[in-house]
Amino acid sequence: MNERSALVTGASSGIGLAVAGALRREGFAVTMVARDPAKLAAAARHVTEGAGPPVQQLAGSLTEEAFLDEAVAFHSATHGALDILVNNAGVSGHRLVGDITADFLDHQLAVNIRAVVLLTDKALPLLKAAVRQRGCAQVVNTASNAGKRGEATLSSYSATKAAVVGFTEALHDELAPSGIKATAICPGLVDTPMADGYRDEIAASTMITPSDVAEVVAMTTRLSAACIIPEVVLLRPTEWLQPDEVRAGLG
Ligand SMILES: NC(=O)c1ccc[n+]([C@@H]2O[C@H](COP(=O)([O-])OP(=O)(O)OC[C@H]3O[C@@H](n4cnc5c(N)ncnc54)[C@H](OP(=O)(O)O)[C@@H]3O)[C@@H](O)[C@H]2O)c1
């Protein structure tokens with residue numbers, strides 16, 4: 001089993017779908033994971049178009065710990081190792097502070113951070129097997145620009161994404177010396193179904209594309225074992241890490 005392999009969560013739509021395709025073009029056999037089986041099957045057919053390494057799919061909810069175990073076992077049964085884990089699945093939702101319910105918060109925490117931590121934990125033996133076979137392995141976590149600078153109406157989402165950034169930094173600190181690289185991807189607004197709530201105000205043509213994000217993930221796989229990119233922030237021209245009042249002062 002010398003073929004490099006990837007496991008991508010949230011692979012049925014948007015960024016994850018683009019990442020799955022880009023990694024296959026990069027030469028990785030891909031395991032695609034998402035919740036809705038029909039949507040995932042259609043996505044897998046799309047990714048499998050054209051010659052390339054095999055693609056397999058597993059549908060289930062990342063909120064269920066047993067499904068996380070199943071996903072690792074499913075990938076292991078075919079590949080025995082994992083070269084790149086892409087923790088990409090995520091859920092969003094706008095609410096003002098004062099309207100946040102436990103159910104709303106718990107679902108975001110379960111998908112956006114609990115599953116990311118637990119799946120990485122459970123996949124560690126497979127990542128270590130890839131290091132033994134090929135010298136390095138990677139974990140790429142899709143965070144968000146909202147995890148770098150919290151956004152109004154997205155407070156709980158921003159908090160989960162800041163947690164993804166913190167988890168990725170800790171992974172780097174703990175695992176980089178053993179050959180496992182960790183990267184947090186922090187995009188601004190990307191043209192996926194998650195951006196639907198913005199479409200009245202923001203033209204799709206001005207949004208970051210899923211392919212932009214996938215290109216960055218693919219690029220991280222082409223670097224030497226000695227080079228790690230711990231974090232990538234992708235912004236639209238009108239997005240910025242500094243508050244407007246600081247920018248106004250600069251003008
Ligand atoms: N779009 C943006 O503007 C933007 C910006 C920054 C960061 N992000 C982050 O990028 C990542 C991908 O988002 P996207 O924009 O590509 O969104 P998307 O098109 O809505 O895709 C979300 C993916 O996550 C899967 N998913 C959601 N809940 C799941 C669960 N419980 N179990 C398994 N899979 C689940 C979905 O599968 P099902 O449909 O089957 O549930 C789908 O494949 C997310 O982490 C998001 O927070 C997005």
Side-chain angles (χ1 to χ4, degrees), residues 7-22 30-44 46-47 57-68 70-71 74 85-94 103 106-119 140-151 153-154 156-165 167-168 183-199 201-204 206-214 216-217 231-236 238-239 241:
L7 190 159
V8 182
T9 70
S12 65
S13 175
I15 294 169
L17 176 54
V19 167
V30 182
T31 298
M32 297 172 65
V33 171
R35 192 172 34 180
D36 180 316
K39 197 169 135 188
L40 181 61
H46 175 70
V47 169
Q57 65 198 269
L58 186 70
S61 179
L62 295 161
T63 60
E64 303 296 329
E65 187 180 3
F67 178 69
L68 302 177
E70 190 185 345
F74 179 75
L85 169 64
V86 184
N87 284 306
N88 167 77
V91 290
S92 185
H94 292 264
D103 284 350
D106 287 349
H107 187 57
Q108 290 188 356
L109 289 169
V111 180
N112 294 2
I113 185 62
R114 180 178 181 269
V116 171
V117 175
L118 284 178
L119 187 59
V140 173
N141 296 325
T142 309
S144 171
N145 188 43
K148 300 296 295 176
R149 179 191 175 196
E151 292 182 21
T153 78
L154 285 175
S156 53
Y157 176 79
S158 298
T160 65
K161 292 303 186 176
V164 173
V165 171
F167 177 62
T168 312
T183 305
I185 309 281
C186 306
L189 192 62
V190 185
D191 184 10
T192 75
M194 195 179 276
D196 284 351
Y198 294 91
R199 294 192 190 282
E201 289 88 37
I202 300 175
T206 69
M207 296 180 191
I208 296 165
T209 68
S211 301
D212 290 330
V213 183
V216 168
V217 175
E231 186 175 289
V232 183
V233 178
L234 297 91
L235 296 179
R236 301 163 57 239
T238 51
E239 291 170 332
L241 291 168

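Ligands are counted one by one from 1 in listed order, and the atoms in each one are counted from 1 as well.
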Which protein non-hydrogen atom lies closest to [atom], naming both residue and atom, and how far is it?
atom	value
atom 3 (O) of ligand 1	V190 N, 2.8 Å
atom 42 (C) of ligand 1	S12 OG, 3.6 Å
atom 18 (P) of ligand 1	S13 OG, 3.6 Å
atom 7 (C) of ligand 1	A143 O, 3.2 Å
atom 24 (O) of ligand 1	G10 CA, 3.4 Å
atom 39 (O) of ligand 1	K39 NZ, 2.4 Å

How about [X] and [Y]: do any of their side-chain heavy atoms sit closer than 4.5 Å?
X	Y	result
C186	V165	yes
H94	L154	yes
T206	R236	yes
L234	V216	yes
M32	L17	yes

Practice problem: Please step through side-chain contact (heavy atoms from CB on, under 4.5 Å) for the pair L7 and F74, ending with a clear verdict. | Solution: CA-CA 10 Å; L7 190 159; F74 179 75; over 6 Å; no

Exercise. Only heavy atoms count here, so choose which of A71, A89, P187 is nearest to atom 6 (C) of ligand 1.
Key: P187

Exercise. Nearest heavy atom to atom 12 (C) of ligand 1 wins, so pick from L40, V164, N88, T142.
Key: N88

Ligand-residue contact atoms, ligand 1 with [X], heavy atoms, under 4.0 Å:
X	result
G90	22 (C), 24 (O), 27 (C), 44 (C), 45 (O)
G14	16 (O), 19 (O)
L62	30 (C), 31 (N), 32 (N), 33 (C), 34 (N)
D36	40 (O)
K161	44 (C), 45 (O), 46 (C), 47 (O)
G188	3 (O), 5 (C), 6 (C)
I15	10 (O), 16 (O), 48 (C)
M194	1 (N), 13 (O), 15 (O), 17 (O), 46 (C), 47 (O), 48 (C)

Geometry only, no angles: is [X] polar-contacting ligand 1 at N/O separations under 3.5 Å?
X	result
T192	yes
L189	no
H107	no
V111	no
V91	no
T63	no
R35	yes
G16	no

Nearest heavy-atom neighbours spanning [X] and [Y]:
X	Y	answer
I208	V213	CG2-CG2, 4.1 Å
A34	A11	CB-N, 4.2 Å
V164	A143	CG1-CB, 3.8 Å
D191	A204	OD2-CB, 3.6 Å

Distance check, rounded to the nearest 0.5 Å: [X] atom [atom1] versus [Y] atom [atom2]?
X	Y	atom1	atom2	result
S61	D36	OG	CG	11.5 Å
K161	N112	NZ	CG	4.5 Å
L118	F67	CG	CZ	13.5 Å
I113	N87	CD1	CG	9.0 Å

With the threshold set at under 4.0 angstrom, would you say [X] reaches ligand 1 through any of its heavy atoms?
X	answer
A110	no
G60	yes
S61	yes
M207	no
Y157	yes
A146	no

Practice problem: Would you sort out whether Q108 and S156 count as a side-chain hydrogen bond (donor to acceptor under 3.5 Å, both in side chains), showing the intermediate values? | Solution: CA-CA 8 Å; Q108 290 188 356; S156 53; 2.8 Å; yes

Practice problem: Would you sort out whether L189 and M207 count as a side-chain contact (heavy atoms from CB on, under 4.5 Å), showing the intermediate values? | Solution: CA-CA 6 Å; L189 192 62; M207 296 180 191; 3.9 Å; yes

Quiz item: For ligand 1, which part of S92 has a heavy atom less than 4.0 Å away: the side chain, the backbone, both, or neither?
Solution: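 Neither part.
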
Practice problem: Report, as yes or no, whether the 6.0 Å neighbourhood of atom NE2 on H46 holds more than 12 heavy atoms from other residues, nucleotides or ligands. | Solution: no

Practice problem: Show your reasoning for whether side-chain contact (heavy atoms from CB on, under 4.5 Å) applies to T9 and L62. | Solution: CA-CA 8 Å; T9 70; L62 295 161; 3.8 Å; yes

